[in-house]
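Heads up, the thing below is written out as structure tokens.
Remember, predicted model here, so these are calculated numbers, not experimental data.
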Amino acid sequence: MTNTPKEIDKSVLDFCKSITRKSVPEYVDLRPESWCKENECYNNVEQKVKECGGKRQLGWRIQVMPDPFPKFMIEAVHHAIWISETGEKIDITPQPASANRIVFVSDDSVKLGKYRIGEKYHALINCPIVHEYVRLCKSESAHYVSKTELINDYETPKILKEKQDALIPQIVMKHGMKF
């Protein structure tokens, strides 16, 4: 249900400024390599640099949730993209949603270590149900930060996932669906 923002509007710009004031969000073409694995952007880009040159750029993939429904939350997922030797920025890692580009904001301040880096979340609608959903997302992220190594997959605790899933229909019913 998360998607690339259709436009880099004020909500996206403000959210990105809360992450890093040094970088501006931009669209980056999504061109997954056939050998790349989902959720393995760091390893994918490292391998691409070894094979083709260029460099890795760390930062955040910005997603809204959901779109085209009423956007109620924005999130940032730590991510790596490949920059070719000519300076072209490309996301080579497959994404679960059917997209042809991502919104990316560069950020060299977060260093990769042994453990996964947590996501960042922000409510776009001032509503108790939405704030509860965002709280649960932050709780999920905090659950695996400093506990789940980069090389391991993470699975959301069942009770947390059930609570999150129960809130989605309430949010959509309260705020309507826009197609």
Side-chain angles (χ1 to χ4, degrees), residues 1-112 116-125 130 133-134 137-138 140-141 150 153-154 164 168 171-172 175 177-179:
M1 283 186 22
T2 56
N3 291 300
T4 301
K6 294 193 183 328
E7 63 180 300
I8 299 176
D9 60 13
K10 184 175 178 355
S11 64
V12 173
L13 291 169
D14 290 347
F15 180 61
C16 291
K17 284 180 189 173
S18 75
I19 297 169
T20 176
R21 294 203 177 272
K22 295 180 182 178
S23 296
V24 176
E26 61 185 312
Y27 285 107
V28 172
D29 286 339
L30 175 60
R31 286 188 252 154
E33 296 280 351
S34 60
W35 53 266
C36 288
K37 296 178 184 172
E38 266 188 45
N39 301 319
E40 295 294 332
C41 61
Y42 310 126
N43 294 334
N44 294 339
V45 173
E46 184 178 316
Q47 185 63 36
K48 181 75 172 179
V49 169
K50 284 180 186 174
E51 291 176 8
C52 301
K55 66 179 186 173
R56 176 182 72 184
Q57 177 62 59
L58 296 177
W60 301 90
R61 186 178 73 235
I62 307 300
Q63 303 176 144
V64 290
M65 186 171 179
D67 210 358
F69 304 129
K71 295 181 280 194
F72 66 87
M73 183 180 82
I74 189 166
E75 75 174 321
V77 178
H78 200 260
H79 197 58
I81 62 168
W82 178 65
I83 301 178
S84 72
E85 290 183 345
T86 62
E88 184 179 16
K89 297 176 181 180
I90 303 169
D91 185 2
I92 63 167
T93 301
Q95 301 300 322
S98 58
N100 59 5
R101 63 185 182 170
I102 64 166
V103 172
F104 184 79
V105 62
S106 298
D107 182 6
D108 292 319
S109 69
V110 177
K111 303 298 180 200
L112 290 180
R116 291 194 174 270
I117 297 165
E119 288 85 8
K120 297 177 184 297
Y121 302 94
H122 179 71
L124 293 173
I125 298 174
V130 172
Y133 188 87
V134 169
C137 290
K138 288 178 179 179
E140 175 188 353
S141 183
L150 282 174
D153 286 334
Y154 168 77
Q164 289 170 321
I168 298 285
I171 293 168
V172 171
H175 298 286
M177 299 173 93
K178 297 177 184 175
F179 293 97

Within-4.5 Å side-chain heavy-atom neighbours: [X] and [Y]:
{"X": "P5", "Y": "V103", "answer": "yes"}
{"X": "W35", "Y": "E51", "answer": "yes"}
{"X": "M65", "Y": "I168", "answer": "yes"}
{"X": "L112", "Y": "L58", "answer": "yes"}
{"X": "V28", "Y": "E26", "answer": "yes"}
{"X": "S141", "Y": "Y121", "answer": "yes"}
{"X": "C137", "Y": "Q164", "answer": "yes"}

From [X] [atom1] over to [Y] [atom2], what is the distance, rounded to the nearest 0.5 angstrom?
{"X": "N44", "Y": "T93", "atom1": "CG", "atom2": "OG1", "answer": "4.0 Å"}
{"X": "K71", "Y": "K6", "atom1": "NZ", "atom2": "NZ", "answer": "8.5 Å"}
{"X": "M73", "Y": "H122", "atom1": "CE", "atom2": "NE2", "answer": "11.0 Å"}
{"X": "Y133", "Y": "F72", "atom1": "OH", "atom2": "CZ", "answer": "5.5 Å"}
{"X": "I125", "Y": "H175", "atom1": "CD1", "atom2": "NE2", "answer": "4.5 Å"}
{"X": "K120", "Y": "I117", "atom1": "NZ", "atom2": "CD1", "answer": "9.5 Å"}

(request) Check the pair Q63 / T4 against side chain to side chain contact (heavy atoms under 4.5 Å, CB included), numbers first and verdict last. (result) CA-CA 5 Å; Q63 303 176 144; T4 301; 6.0 Å; no

(message) Can you give me the closest heavy-atom contact between V49 and G54, atom names plus distance?
(response)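 Heavy-atom minimum between the residues: CG1-O, 3.6 Å.
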
(request) Write down the atom of K10, the atom of D14, and the distance for their closest heavy-atom approach. (result)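 Minimum heavy-atom separation between K10 and D14: NZ-OD2, 2.6 Å.
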
(request) Show the numbers, then the answer: is there a side-chain hydrogen bond (donor to acceptor under 3.5 Å, both in side chains) between N43 and E40? (result) CA-CA 6 Å; N43 294 334; E40 295 294 332; 3.1 Å; yes

(request) Go through the steps to decide whether I62 and V12 satisfy the test side chain to side chain contact (heavy atoms under 4.5 Å, CB included), and finish with yes or no. (result) CA-CA 8 Å; I62 307 300; V12 173; 4.3 Å; yes

Result block: side-chain N/O donor-acceptor pairs under 3.5 angstrom for residues 76-83, not counting sequence neighbours:
residue : atom : partner : partner atom : Å
H78     : ND1  : Y42     : OH           : 2.7
H79     : ND1  : R61     : NH1          : 3.3
H79     : NE2  : D91     : OD1          : 3.0
H79     : NE2  : D91     : OD2          : 3.1
W82     : NE1  : G53     : O            : 2.9

Can you give each donor-acceptor pair under 3.5 Å made by side-chain atoms of residues 16-24, sequence neighbours left out, with the distance rounded to 0.1 Å?
residue : atom : partner : partner atom : Å
S18     : OG   : F15     : O            : 2.5
T20     : OG1  : K22     : N            : 3.3
S23     : OG   : S106    : O            : 2.6

(message) Any carboxylate oxygen within less than 4.0 angstrom of a Lys/Arg side-chain nitrogen, looking at E33 and K48?
(response)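 K48 and E33: salt-bridged.
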
(message) My understanding is that only residues two or more places apart in sequence, or in another chain, count here; which of them pass side chain to side chain contact (heavy atoms under 4.5 Å, CB included) with T86?
(response)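 Side chain to side chain contact (heavy atoms under 4.5 Å, CB included) check on T86 returns S84, E88.
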
